[in-house]
Amino acid sequence: MRLSQYFIPTLKENPTEAQIVSHRLMLRAGMIRQASAGIYSWLPLGYRVLKKIEQVVREEQDRAGCQEMLMPTIQSADLWRESGRYDDYGPEMLRIRDRHDRDMLFGPTNEEQITQIVRDNIKSYKDMPKLLYHIQWKFRDEVRPRFGVMRGREFLMKDAYSFDLDSAGARRSYNRFFVCYMRTFERLGLKAVPVRADTGPIGGNLSHEFLILADTGESEIGCHADFIDMDLRGADLDYDNEDDMQRTVDHVTSLYAAVDEQRDEETEKSLGDKLKVQRGIEVGHIFSFGTKYTAAMGAVVNGPDGESTELECGSYGIGVSRLVAGIIEASHDENGIIWPESVAPFKVGLINLKANDEDCTSACDDLYKRLTKAGVEVLYDDREGRAGVKFADMDLIGLPWQLIIGPRGLKSGVVELKNRQSSERQEISIDEAFAQLAG
RNA sequence: CGGGGCGUAGCGCAGUCUGGUAGCGCAACGGUCUGGGGGACCGUAGGUCGUAGGUUCAAAUCCUAUCGCCCCGACCA
C-alpha cells in the first residue's frame with residue numbers, strides 16, 4: 001500500500017478526550033474515529049489489525065475443535081424471556097421495537113440463541129459434545145463507556161459455547177478452552193494470567209478471567225512469578241488427550257493469581273519474591289455453568305437408555321476489539337505503537353527518504369514491487385516531504401520493520417533496516433534486506 | 001446512576017468574569033528555499049462560537065431550556 005493513497009489520518013497532537021495511551025495512539029495513528037459515546041468506526045489501518053487479531057483467535061478456536069458459525073446481532077425478546085434474562089439484564093441491554101411492535105434487542109451475548117439452535121436441532125447423545133463459536137458485534141449499553149475501544153458499548157467479541165452430556169464432559173470442554181486461550185494470547189504477543197473469577201449473574205461453578213499484563217491495566221493483579229516465564233505454545237499439546245489437558249490446566253491453576261478483593265495477603269506473603277504485582281486488563285472470560293439455560297429452555301437430548309438429559313454448558317468469550325487496545329497498552333513507547341508481528345497491519349514500512357530523487361524513488365518502487373510480489377505486506381511511504389515526518393509517522397503506526405532508503409545510503413549500496421521493537425538498525429544491501437523480510 | 005468539567009476552524013486552545021470587527025499554534029492548499037528525526041519564509045482557504053428560546057441598539061460573552069462529549073466513583077468482555 002502506498003501511503004500517498006492510503007486513508008490514514010494521523011494526528012500530531014493528542015485529542016483531549018483520549019485519556020489512556022491506547023486510545024490516544026489509536027486516534028493519532030488513524031485507526032479509529034468515534035461515532036458516539038462508546039461506538040467507533042474502524043478506519044483502514046485499525047480494521048486491518050482487528051481482522052488480524054480475529055484471525056489468530058479463529059485459528060486457535062478451530063485448532064481446539066470448535067466450529068465457527070454466525071448468529072445475528074438483533075435478537076427476539078421472547079428468547080430472553082424464556083431464560084428469564086430479559087428482566088434480569090437491566091438497562092445495559094439495548095431494547096428495540098420493530099415496525100410490528102415486537103420487542104427486539106441488540107444482543108449483549110448469545111447464550112439463549114445458541115441454546116435455542118442446539119435445542120431445536122440436536123436430539124441425540126450421539127451428537128455430543130458440540131463446541132460452537134462465532135465472532136460478532138455485541139452491544140452493551142454501559143453507563144459509562146470509556147477508554148476508547150477498551151470499554152466501548154459496541155464491541156467485537158468471540159463467544160464460544162460448549163454442550164456436553166454430563167459434568168465430566170463439560171470439564172473436558174472447559175479445559176480445551178482454557179488451554180486454547182493461553183495459546184491464543186501467546187500468539188498475540190501477550191502475557192495472559194488466568195484468574196479464578198466470580199461467576200456473577202451468568203451463574204455456574206467454574207470460571208476464569210484471563211488478564212493480560214500492562215502497566216496501564218484497570219485492575220491490580222497479584223500472581224506467581226512463574227506466569228511471567230510460562231510458555232504454553234508447545235505445538236505438541238494434543239487437545240484430544242484428556243489427561244494432558246487436565247494436567248496442563250491443573251498446573252497453571254495451581255499457581256496463585258488473584259485480582260482486587262480476591263487477593264489474599266497471607267498467600268502473597270508466603271510467595272516472597274516469587275510474588276509479582278502488576279496491572280492487568282481482562283481480555284477473556286470462560287465459564288462453565290451447567291444446565292442454567294438448557295434447563296430453562298428445555299434443551300435436552302436422548303441418552304442411550306432413551307431418557308432425556310439436560311445439557312451441560314459453558315461459554316467462552318474473548319474481547320476481540322478490546323484486544324486491539326490491550327495489545328497497544330502492553331506494547332508501545334513514547335513514539336507510538338509497537339505491533340507484535342502476528343497482528344501488525346503491515347509487516348514493514350518502506351520509507352523513501354527523498355521522493356523527488358529519481359534513483360532513490362526507482363529503488364524504492366522496485367523493492368516495493370518485489371516485496372509485495374513475495375507476499376510481504378508493505379506500507380510504502382512514497383510521499384514527498386521531510387524525513388522527520390516520515391520517521392515520526394512510521395514510529396507512531398508501529399510496524400515491526402522499517403526499511404529506510406535514501407540517496408546517501410544508495411551511493412554506497414546500502415539501505416537501513418530498523419526493528420521497531422528493539423530500535424536495532426542494520427545497514428545492508430537491498431538484496432539482503434529483501435531476503436530478510438521475505439524469508 | 002451520584003459527583004465534577006467541557007462544547008469557539010480538521011486537531012490543540014485563547015477570547016466568556018467586565019456584551020461592541022472571532023483570534024492563535026499545528027494541520028490543509030499554492031509557492032520559494034530546503035532535504036537522514038514533526039524545517040524556514042511568503043501567501044490562501046476554512047467558523048450559523050453545540051442547539052433552541054429569551055434579555056439588549058448590540059450576545060461566543062448575560063438568562064432559561066435542551067443535546068452532546070469527557071473525567072472521578074459504583075458496574076462490566
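Naming: A, B, ... by sequence-line order, numbering from 1 per chain.
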Check this for me, if you would: do [X] and [Y] make a salt bridge, where the nitrogen-to-carboxylate-oxygen distance has to be below 4.0 angstrom?
X        : Y        : result
A:Arg63  : A:Glu59  : no
A:Asp431 : A:Arg370 : yes
A:Glu220 : A:Arg263 : yes

Between [options], spot the one nearest the side chain of [X], thanks.
X        : options             : result
A:Phe155 : B:G36, B:C69, B:A77 : B:A77
A:Glu13  : B:C72, B:G25, B:G36 : B:G25
A:Pro15  : B:C75, B:G12, B:C69 : B:G12
A:Gln19  : B:C70, B:G37, B:C76 : B:C70
A:Arg144 : B:A74, B:G36, B:G12 : B:A74

Watson-Crick or G-U wobble partner of [N], both distances under 3.5 Å:
N     : result
B:A65 : B:U51
B:A58 : none
B:G36 : none
B:A22 : none

### Contact residues, residues 345-362 of chain A to RNA chain B [heavy atom, < 4.0 Å]
A:Leu353, A:Asn356
### For A:Phe210, the option from A:Tyr181, A:Phe177, A:Tyr316 that meets ring-ring contact (aromatic ring centres under 6.0 Å, His included)
A:Tyr181
### Query
Of the options A:Arg187, A:Lys347, A:Lys52, which is the one that meets A:Glu341 in a salt bridge (Lys or Arg N to Asp or Glu O under 4.0 Å)?
A:Lys347
### Message
Please compare A:Ile404 and A:Met157 by the position of their nearest nucleotide in RNA chain B and report the one closer to 5'.
### Response
A:Ile404
## Note on the structure
Between A:Ala37 and A:Arg153, whichever has its closest RNA chain B nucleotide further toward 5' is A:Ala37
### Task
Pick out which of A:Asn352, A:Ile351, A:Leu353, A:Leu410 makes a side-chain contact (heavy atoms from CB on, under 4.5 Å) with A:Ile405.
A:Leu410
### Beyond-backbone contact of A:Met31 with A:Val49, side-chain heavy atoms, under 4.5 angstrom
yes
### Query
Within a radius of less than 6.0 Å around NZ of A:Lys130, do more than 12 heavy atoms belonging to other residues, nucleotides or ligands occur?
yes
Looking at every strand, decide which applies to [X] at a 4.0 Å heavy-atom threshold: base, sugar-phosphate, or nothing.
X        : value
A:Ser321 : nothing
A:Gly406 : base
A:Gly152 : base
A:Val283 : sugar-phosphate

### Message
Are B:G36 and A:Phe391 stacked, with the base six-membered ring and the side-chain ring centres under 5.5 Å apart and planes under 30°?
### Response
no
### Step-by-step ring-ring contact (aromatic ring centres under 6.0 Å, His included) determination, A:Phe155 to A:Trp137
CA-CA 5 Å; A:Phe155 56 97; A:Trp137 292 92; 8.2 Å; no
### Query
Hey, is the side chain of A:Arg146 pairing donor to acceptor with the base of B:C72 inside 3.5 Å?
no
#### Entry: Side-chain-base donor-acceptor pair under 3.5 Å for A:Arg425 and B:G37
yes
Between protein and nucleotides 39-43 of chain B, what N or O pairs are separated by less than 3.5 Å?
from  : atom 1 : to       : atom 2 : distance (Å)
B:G39 : N9     : A:Arg386 : NE     : 3.4
B:G39 : N7     : A:Arg386 : NE     : 3.2
B:G39 : N7     : A:Arg386 : NH1    : 3.3

